[in-house]
There are 2 protein chains.
Amino acid sequence: MAKAPTVYDVAERSGVSIATVSRVLRSPAAVREHTRERVLAAVTELGYVPSAAARGLAARRTNVIGLFFPGHDETVPDQPVDSARGDTVPIVDDDSDTASDTENLYFDEVLRGAEIEAWRRGFALMVAAGRGSSREALVTDIAGRVDGLAVLARTVPDELLAYVARRIPVVILAGAQRADDFDHVSASNGPGMRTLANYVLQDHGVHDVVYIAGPTDSPDDAERLTGFRNALADSGVAERNVRILRSDFTRDGGRATAARILAAERPRAILCSNDETALGVLDVLEQRGIRVPEDVLVTGFDGITAGRHSRPKLTTVHQPMVELGRAAVHAITARLDDPNLEPQAFTLPVEVVLRESCPRV
Amino acid sequence: MAKAPTVYDVAERSGVSIATVSRVLRSPAAVREHTRERVLAAVTELGYVPSAAARGLAARRTNVIGLFFPGHDETVPDQPVDSARGDTVPIVDDDSDTASDTENLYFDEVLRGAEIEAWRRGFALMVAAGRGSSREALVTDIAGRVDGLAVLARTVPDELLAYVARRIPVVILAGAQRADDFDHVSASNGPGMRTLANYVLQDHGVHDVVYIAGPTDSPDDAERLTGFRNALADSGVAERNVRILRSDFTRDGGRATAARILAAERPRAILCSNDETALGVLDVLEQRGIRVPEDVLVTGFDGITAGRHSRPKLTTVHQPMVELGRAAVHAITARLDDPNLEPQAFTLPVEVVLRESCPRV
DNA sequence: GACTCGAGTGTATGCGCATACATTGTGGGA
DNA sequence: TCCCACAATGTATGCGCATACACTCGAGTC
C-alpha cells in the first residue's frame, strides 16, 4: 500500500487548486468540462480515493447510518480461524439445529431493506451486534461514526439510547410504539392477529380456541394479544370461553405448552403468538398422531422461512421485514432533513398467509 | 440535536487540556486516576461522543472493515415506504418463493462471522451491496471509509478491485484461489465433493451416477467438478461411464436437468454441484413418483437451510459460512499488521452431512 | 543540596477535505 | 468604450482529534 494520494496530489498533477478538485468530486456542474476532465484523469492515474474521514470532518456528517441488532457471540467459538489441514473431510450425520435460522433470517431481511434504502439515499450502512459486555463502549463507538442509528428493539438499554439520541436520530425497530421521544418502526401486530383470529373464529367457525401468548416483556406480544382479544369481541366470543396461556416464543416452549394443552381437553384450534411456538406445537401434535388441520388448526405469527417448510406448512401473519429495514432508514433520513419533526411511528402493513395448518375455507 | 460537544468542551469543563482528554479515552493508563475521573465525569455530563471522522483523520485509520456482497435491488420495489393505512390486513394464500432464502442465508452467516471477528479485533463493519449501476462509485466510496475490504467473489469487477487494492487490503471471499495478488478465503470445495462422491461410489457402491455441474464461470464449481473426477479415479470408475451435465445453480435449472436425465435411462445416483440444483432434482423425482433414496440417491453442496427441510432431507457438503466471514476479517487484519505479507489463501474445512437423500450405509 | 529521571500534563501541529470568501476573466448592456 | 454581473477558479480556514515534543514537578541519587 503506497501512501494514499490526496486532493493536493491530484491538484498538483492536474494543475488546478484543491478547491477545484473537491468541486469536481462534489459538484461537477460547477466546473468547466475541460477542467473536470483533466482532474478526473489525474484521479484515475493516481488511484485517488477520497478519505471519508476527512470529508466527514469537514462536512460535519458522515453519510453513514448504523444498524444495531441483537448479539449472538455465544454461538461462535473463540478459537482462531484455521485453514483446513490436509484434505480431510469428516462425514457426519444430520446436523439439524432448528434454533439458528429464525432470528437470523429476520435480521437478514431487515438488513437487506436497510441497505437498499440507505444506498438509495446516499448513505452507507454500518452494522453492529449488541453484546452483553461493554455494550456501552460499542454503542458510543458506533454513534460517533454515523449520522443516525436504527436499533432492533430491546437490543440496547434505554438510557444508553437516550444518551446517543442527544446527538443523532435514533429509531427503534420492530418493538412497541412506546411513548418516548424516539421514532418507531414496526408492523401492525394487533390488526394482523385480529384478522387471523377472526378468520379462525368466523370463517372456520371455530370457537374452541387456545391462544399461546409470548413473554410478558415483549411489546409485540402484547399487541398481538390485544388483537386476539379484539377478535373475540368482533366474533362475539366471551374471553372466559377460551384459554390463554403463556410461553416464551421458542420452539421448545411451544412443545411444552402444547403438552399442557393436550393434558386437558383438546381444542379445535391453537393460535400462537409467533411461528416458533407454532412449530413446537406442530411437533407435538404430529408426534401424538393428531392431524392438522383436520383435528386441530394451528397458526403462527412472523412469516419465518421455516414455516414454509414445516409439515404441514404453517399459516401465519407475515411481517414485511425488508420494508421494516427500509422504513427505519427512511425515518432516520427524514429526521436528518428536519430535526424538529415530532417523534414518529411508522406501522407497516402485514399479511395473513394461509397455508396447510389453517387453510382457506 | 444540540451541537455535539468536542474534546475542547470536555477539556474546559474538567479543567485539563485536550491532550489529556484524548489520553483518557485512548490510553487511560497514562493518566492519573484522579484526573481521569474528572474527565470521564465531564464526558458523561456533556454527553460527549468522540467523532470517528476526526479520529480517523488524525490517526490515519478508520478501524472499519468493509464487506461487499452481491446485490439484489431487482427484488425490491422502488416505492416509498408507507405506513399501514387503516387496519386492513389482506388474507393471501401461500406465498412460497423458494428463490429468496438461499443466497440470503449464506450471506447472513458470512456477515455474522465477519461482524463477530471484526468486533473482537476492534473494528466496526460496514456493508454494501454490489449493484449493477454505478458500481464504481460505490466501491471507491466504501473504500475511502474502511481500512480493508472483503468482497464476495464475482461481486466486483477485477480492475475495480485492483484499483482499490492499491490503497487498502482486499480479500476475496468464497471464490476460486486465483493466481492474483489478493488474499483469498474459501472452503475446500474439491476435497468436499471428492469425499462425498467417494461415499456414493464406494460406501454405497453406486457407480451408475450422473453429475450436474454448475455454470462454467464459477470457480467453486470447477473445483467441485475436479473433486468429483478425483473421486472417480479413487474409486476406479472410468469417466466415460458417468454422465456429466451442466446446469446453472438454480432450482429451476435443477428441475430442467432432472427432466433431461430421466429422458434417458434412470441413474442410481444424481450428484449436484449445489443444493439448489439438488432441490430442483428432488422436485422432479417426487413428481414422477421416483423414490429417494430407494430408487435414486441425490446429493447437493453448500448446506443451505432449505436442504434441512426438504423431503427427503438433502445430503450435502456443508460450508462453514460463519467461519468464512471470520477468516476474511482475519486475513484483512493480518495484512494490516504486516502489509508485506505474501498473498495468502485460506481454505476452510467442510463437512459431508448425511441426510435422507443419501443416508449413511 | 544540586542533579537526574520519569510520571503527568500542556502546547502545537497536521491529518484531508469542504467551503466561505477573494480574485480573475468574460460577455453584454449602457 | 466602460462598467457590471456572473462564471470559473484560487486562497485561506476550520472541522475534532492524536500525538510529537516541551514542560513541570517531585522523588530518588550521590
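Below, read A as the first sequence line, B as the second, and so on, with proteins coming before strands; counting in each chain starts at 1. When reading the values below, keep in mind they use all heavy atoms of this one structure, side chains included, and skip hydrogens, waters and symmetry mates. Everything numeric here is computed off the predicted structure, so don't read it as measured data.
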Nearest whole Å is fine: how far is [N] [atom2] from [X] [atom1]?
X         : N       : atom1 : atom2 : result
Arg36(A)  : dA7(D)  : CZ    : P     : 15 Å
Arg38(A)  : dT9(D)  : CZ    : C1'   : 11 Å
Arg167(A) : dG16(D) : CZ    : C1'   : 14 Å
Asp9(A)   : dC15(C) : CG    : P     : 11 Å
Glu33(B)  : dG8(C)  : CD    : C1'   : 14 Å
Leu57(A)  : dG16(C) : CG    : P     : 12 Å
Arg60(A)  : dT19(C) : CZ    : C1'   : 9 Å
Glu12(A)  : dG16(C) : CD    : C1'   : 15 Å

[X] side-chain proximity, nearest of [options]:
X        : options                   : value
Val16(B) : dT9(D), dG10(C), dC17(C)  : dG10(C)
Thr6(B)  : dC17(D), dT9(D), dT9(C)   : dC17(D)
Ala54(A) : dA18(C), dC17(D), dG16(C) : dG16(C)
Ala59(B) : dT9(C), dA18(D), dC17(C)  : dA18(D)

Positions of residues 18-26 of chain B (non-hydrogen atom under 4.0 Å from DNA chain D), listed by number: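 By residue number: Ile18(B), Ala19(B), Ser22(B), Arg26(B).
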Lys/Arg N to Asp/Glu carboxylate O, Glu323(A) vs Arg326(A), below 4.0 Å: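 Judged by the 4.0 Å cut-off on N to carboxylate O distance, Glu323(A) and Arg326(A) do form a salt bridge.
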Ionic contact status for Arg112(B) with Glu115(B), cut-off 4.0 Å: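 Salt bridge absent between Glu115(B) and Arg112(B).
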Output yes when at least one side-chain N/O atom of [X] is less than 4.0 Å from OP1 or OP2 of [N], else no.
X        : N       : answer
Arg32(A) : dA8(D)  : no
Thr35(B) : dT9(C)  : yes
Ser51(B) : dG16(D) : no

Stepwise side chain to side chain contact (heavy atoms under 4.5 Å, CB included) check, Phe123(A) with Thr333(A): CA-CA 9 Å; Phe123(A) 286 82; Thr333(A) 57; 3.7 Å; yes
Residues Leu67(A), Leu111(A); criterion side chain to side chain contact (heavy atoms under 4.5 Å, CB included); working and verdict: CA-CA 8 Å; Leu67(A) 180 58; Leu111(A) 171 71; 3.9 Å; yes
Side chain Arg36(A), main chain Val24(A), donor-acceptor under 3.5 Å: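 Flag not set: sc Arg36(A) to bb Val24(A) has no pair under 3.5 Å.
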Donor-acceptor pair present, Tyr8(B) side chain and dC17(D) base, under 3.5 Å: yes
Working for side chain to side chain contact (heavy atoms under 4.5 Å, CB included), residues Val49(B) and Tyr163(A): CA-CA 9 Å; Val49(B) 176; Tyr163(A) 187 93; 4.0 Å; yes
Stepwise side chain to side chain contact (heavy atoms under 4.5 Å, CB included) test for Arg145(B) and Val64(B): CA-CA 7 Å; Arg145(B) 301 174 186 275; Val64(B) 179; 5.8 Å; no
Ala58(B) vs Gly15(B), nearer the 5' end of DNA chain C by closest nucleotide: Gly15(B)
